[in-house]
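Beneath this line is the structure, given in structure tokens, with notes to follow.
Because only heavy atoms are used, hydrogens play no part in the values below, and waters and symmetry mates are left out as well, while side chains stay in. Note that the coordinates shown come from a computational prediction; the quantities given were computed from them, not determined experimentally. Order of the sequence lines sets the chain letters (A, B, ...), proteins ahead of strands, with each chain counted from 1.
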Amino acid sequence: MSFFSRSSSLPSPDKLPKRKSSAFPVSISTLLKACKTIRNLEQVHAQIVQKGVEQDNFLINQFICLCNSFSNIRYATSVFNRVSRPNIYLWNSVIRGHCGNSSVIQTISIFNRMKRSETVPDKYTFPSLIKACSNELAIREGKAIHGSVVRYGVEADIFVRTSLIDLYGKCRQIVCARKVFDGMFERNEVSWTAMIVGYLTFGDLVAARKMFDEMPYRNLASWNAMMCGYLKFGDLESARRLFDEMTERNVVSFTSLIDGYAKAGDMVSARLLFDQSPVRDIVAWSALIAGYSQNGQPHMAVKIFLEMHAQNVKPDEFVLVSLMSACSQVGSLELAKWIDSYVTQSLIDLSQVHVNAALIDMNAKCGNMERASHLFEDMPQRDLISYCSMIQGLSMHGYGTLAVHLFDRMLDEGLTPDNVAFTVVLTACSHAGLVEEGYRYFNSMKNDFSIVPSPDHYACMVDLLGRSGQLKAAYHLIESMPVEPHAGAWGALLGACRLHGNIEIGEVVAGRLFELEPLNAGNYVLLSNIYAAADRWLDVSKVRHKMRERGVRKIPGCSWI
DNA sequence: TTAGGGTTAG
């Protein structure tokens with residue numbers, strides 16, 4: 001109907017505007033602008049080859065810039081390498097692509113190739129070249145590049161100077177940074193911000209704030225940089241004040257503060273801000289999930305992850321590592337299996353040390369020792385963290401002897417155990433009742449590794465001795481501690497007294513615990529159970545009376561015999 | 001002839 005009537009009124013072909021005769025380079029340029037994926041780029045590249053315009057610097061530059069935006073520097077380099085006489089634009093674009101995507105060594109080698117060709121570097125060459133050094137804190141290379149900046153006479157450029165400030169600042173060479181800053185002919189908010197970041201990296205919060213107050217104009221990055229400075233030094237109040245003063249905020253402002261609250265353990269404020277945030281990217285979700293996981297609320301971490309998943313936000317390695325850590329705490333084998341298969345099927349690089357470590361830890365703690373061992377043995381080089389995960393997993397699931405053997409293998413492999421490793425192995429000894437081995441490690445820790453035993457280590461030893469019935473030895477160990485024993489050590493001994501029905505020591509230990517934590521119902525329950533086991537019901541009722549007197553509420557789950 | 005750079009978050 002209308003289609004036909006409209007098509008019949010279409011202009012005849014000869015009335016259409018004529019195409020330009022030099023259409024094809026323009027059309028490739030247009031095609032390039034429309035590229036949304038690497039696949040699109042490959043198609044346009046085929047056109048470039050087919051039409052024989054591989055030497056067209058303008059087109060190839062457009063192509064390389066697009067490759068850069070997809071972070072596909074390999075493709076960019078291969079196309080670049082086929083250009084026989086690349087101009088300055090091409091060289092600069094390739095260098096910019098390498099910066100942040102490959103090592104500083106590779107980036108500098110392109111720069112050296114450029115100098116060997118007949119192209120003279122210009123002011124556009126240096127910012128990304130310097131940034132490549134700054135990314136890796138390569139100050140030696142950076143200083144050499146600074147020499148080239150002077151040699152090629154581009155040190156007056158504001159972009160070049162700002163990258164130098166950033167480089168020196170990030171490398172904690174604050175005097176050099178300031179020298180570059182003071183010598184500038186003109187400055188803008190980016191140069192000021194780079195200098196502020198320099199002071200913050202150096203740890204001089206006061207100088208950073210002074211610059212922030214003095215700078216003539218600030219942009220969002222300046223505000224965020226200053227706020228993150230406060231967060232870095234744990235000054236949440238100043239950070240919040242700055243956040244409230246900001247007239248404009250972006251996802252970085254919200255996420256940094258959410259993360260600050262989470263790291264300080266204030267999950268209520270973190271959650272509130274997360275809910276108020278108009279934009280949430282993966283980093284915001286990650287901050288919240290990590291926060292819940294690290295603050296002993298693993299179930300909340302899992303819940304938030306499921307919310308994120310339901311909103312079709314793809315988790316990255318940070319989120320998955322936090323989720324795995326939450327799962328380790330929950331100890332759910334079912335969840336562990338789901339996460340494991342999710343991670344394995346995702347594009348997350350499992351060879352990244354922290355991802356692999358989290359996977360091992362999760363599987364070990366959730367009881368999938370077979371999978372954990374597999375991942376562990378497949379590591380090219382086992383580290384202390386993964387050894388500890390394995391030892392802890394074995395010990396938690398009743399393989400105390402294997403756990404101890406693994407600790408010895410770790411020593412044979414030449415790794416140096418730290419205080420955490422000793423806590424883990426002492427706990428393993430305690431679970432498996434390996435008194436002799438426990439003593440051996442406890443002494444070795446002090447004598448061979450010069451580690452001063454912490455209250456945790458003593459608590460492990462007390463638990464070990466107590467469980468094996470050596471209550472007096474355990475009591476003497478606590479009494480001989482050079483540091484004040486914490487409730488955990490006394491609690492372990494009280495548990496042992498209950499286990500072995502020792503009223504005499506139990507009463508003394510309970511007395512100390514009632515002083516240390518008068519409101520912990522568990523201690524009263526344990527003492528009362530010790531009396532009950534000996535049929536001393538009068539004493540049982542005395543303990544209950546004492547509890548009532550002190551207003552101690554019985555925790556559900558604690559059993560009265 | 002056309003084109004290009006530096007600062008803020010886990």
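For the pair A:F126 CZ and B:dG5 P, the computed distance is 16 Å after rounding to whole Å. One atom, OH of A:Y124, and another, P of B:dA3, lie 10 Å apart when rounded to the nearest Å. With rounding to whole Å, A:I196 atom CD1 is found 19 Å from B:dG6 atom P. Atom CD1 of A:I95 is separated from atom P of B:dG6 by 13 Å (rounded to the nearest Å). In this structure, NZ of A:K170 is placed 10 Å from C1' of B:dG6, rounded to the nearest angstrom. Separating the CG atom of A:N188 from the P atom of B:dG5 is a distance of 15 Å, rounded to the nearest angstrom. Atom P of nucleotide B:dG10 and atom CD of A:Q294 are separated by 12 Å, given to the nearest angstrom. The NZ-C1' distance, from A:K314 to B:dG10, rounds to 18 Å in whole Å.
Under the 6.0 Å distance and 45° angle rule, A:R187 counts as a cation-pi partner of A:F181. Note that A:R249 lies in the cation-pi zone of A:F243, set by a 6.0 Å cut-off to the ring centre and a 45° limit from the axis.
The closest donor-acceptor contact from the side chain of A:N224 to the backbone of A:M227 lies at 3.5 Å or more, if one exists at all. For A:S389 (side chain) and A:I385 (main-chain N/O), a donor-acceptor pair under 3.5 Å exists by modelled atom type. When atom types are taken as modelled, the side chain of A:R218 and the backbone of A:E189 share no donor-acceptor pair closer than 3.5 angstrom.
Counting non-hydrogen atoms under 4.0 angstrom, A:I88 reaches a base of the nucleic acid. Using a 4.0 Å heavy-atom cutoff across all strands shown, A:S256 reaches sugar-phosphate atoms only and no base atom. A:V197 comes within 4.0 angstrom of sugar-phosphate atoms only, judged by non-hydrogen atoms across all strands, and of no base. Backbone-only engagement by A:R96 is indicated by non-hydrogen atom pairs under 4.0 Å involving sugar-phosphate atoms exclusively. Among the atoms of the strands shown, none is found under 4.0 Å from any heavy atom of A:S222. When heavy atoms are screened at a 4.0 angstrom cut-off, A:I158 is found touching base atoms of the nucleic acid. Within 4.0 Å of A:S286, counting heavy atoms only, lies at least one base atom of the nucleic acid. Using a 4.0 Å heavy-atom cutoff across all strands shown, A:N87 reaches at least one base atom of the nucleic acid.
Residue A:S163 places no side-chain atom within donor-acceptor reach of the base of B:dG6, judged by atom type and a 3.5 Å distance cut-off alone. Side-chain N/O atoms of A:N250 and base N/O atoms of B:dA9 include no donor-acceptor pair closer than 3.5 Å. Judged by atom type and distance alone, A:N61 does not reach the base of B:dG4 through any side-chain donor-acceptor pair under 3.5 Å. Contact of A:D122 with B:dG4 (side chain to base): a donor-acceptor pair of N or O atoms is detected under 3.5 Å. Side-chain N/O atoms of A:D316 and base N/O atoms of B:dG10 include a donor-acceptor pair closer than 3.5 Å.
Residue-nucleotide stacking is not present for A:F159 and B:dG6, judged by a side-chain ring centre under 5.5 Å from the six-membered base ring centre and planes under 30° apart. Ring-base stacking between A:F58 and B:dT2 is satisfied, the centre separation being under 5.5 Å and the plane angle under 30°.
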Residue pair A:E413, A:Y387: steps toward the side-chain hydrogen bond (donor to acceptor under 3.5 Å, both in side chains) verdict: CA-CA 11 Å; A:E413 229 182 289; A:Y387 260 110; 2.5 Å; yes
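Proximity note for A:F318 (side chain, C-beta onward) versus B:dG10, B:dA9, B:dG6: the nearest is B:dG10. Considering only the side chain of A:D157, B:dG5 comes nearest among B:dG5, B:dT7, B:dG10. Relative to the side chain of A:Y89, the nucleotides B:dT7, B:dA9, B:dA3 differ in distance, and B:dA3 lies closest. Taking every side-chain heavy atom of A:D259 into account, B:dG10 is the closest of B:dA9, B:dG10, B:dT8. Comparing atom distances between the A:N92 side chain and each of B:dG5, B:dG4, B:dG10 picks out B:dG4 as nearest.
The shortest distance between the side-chain N/O atoms of A:K131 and the OP1/OP2 oxygens of B:dT7 is below 4.0 Å. For A:K232 and B:dG10, the shortest distance from a side-chain N or O to OP1 or OP2 is not below 4.0 Å.
Heavy-atom minimum distance, A:V94 versus A:I110: CG1-CG2, 3.9 Å.
A:F126 and A:Y152 have tilted rings, their planes meeting at an angle from 30° to 60° on a 0 to 90° scale.
Of the residues in residues 345-362 of chain A, none has a non-hydrogen atom less than 4.0 angstrom from any atom of DNA chain B.
If you check the side chains of A:R241 and A:Y230, you find no donor sitting under 3.5 Å from an acceptor.
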